[in-house]
Amino acid sequence: MPTKNTPTDFIRALAAAVQAEMPAPRQEKPFGLGAPWTHHATPEEFERLARLHNRILRKELALAAMREERAGIMRRSIRRMRRAAGKD
């Protein structure tokens, strides 16, 4: 949280680092646009579908990051296990 004493350069560097970590958006049609059922959806339903689609994408990205972290922990643990067994 910026305060009066926080240097602007630090804030810009922090923002750049956060943006660098964000994955690029996927190029796909959201929530089945063009599917036959979309011709029968109301404008309110389309707004809700758009919100849901964005929430689903964010959750999928978060889940992928957690799975990646879990895999890293598993790899490190397997290496330790092999070293302990004298196999490496």
Side-chain angles (χ1 to χ4, degrees):
M1 183 172 203
T3 62
K4 293 180 181 178
N5 298 331
T6 307
T8 306
D9 294 336
F10 174 74
I11 294 172
R12 286 186 181 141
L14 184 61
V18 169
Q19 287 180 347
E21 290 295 318
M22 294 177 68
R26 295 190 301 195
Q27 299 298 322
E28 66 179 34
K29 282 187 171 182
F31 53 83
L33 281 181
W37 62 266
T38 59
H39 301 292
H40 302 281
T42 65
E44 294 82 19
E45 289 171 331
F46 272 115
E47 288 178 18
R48 181 68 179 147
L49 283 170
R51 278 192 229 106
L52 289 172
H53 179 72
N54 289 331
R55 286 178 60 194
I56 290 168
L57 288 179
R58 286 194 306 271
K59 287 179 185 272
E60 285 175 348
L61 291 172
L63 184 58
M66 286 187 275
R67 286 185 173 144
E68 188 177 315
E69 183 179 0
R70 178 181 66 178
I73 292 170
M74 289 169 58
R75 282 190 298 272
R76 288 192 303 272
S77 298
I78 289 169
R79 279 190 229 121
R80 287 187 202 111
M81 179 180 68
R82 288 180 180 163
R83 272 189 235 118
K87 293 186 177 183
D88 196 34

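Atom CG of L61 sits about 10.5 Å away from atom CE of M66, to the nearest 0.5 Å. Distance check, rounded to the nearest 0.5 Å: CZ of R58 to NE2 of H53 gives 10.5 Å. Note that CG of L52 and CG of L57 are 11.0 Å apart. Values are rounded to the nearest 0.5 Å.
When all heavy atoms of R48 and R55 are compared, the closest pair comes out as NH2-NH1, 4.2 Å. Taking each heavy atom of T38 and F46 in turn, the nearest pair found is O-CZ, 3.2 Å.
Contact check for I73 versus R70: no side-chain heavy atoms found under the 4.5 Å cut-off. Taking the side chain as every heavy atom from C-beta outward, L63 and R67 approach each other to under 4.5 Å. In this structure the side chain of R76 reaches within 4.5 angstrom of the side chain of R80, judged on heavy atoms.
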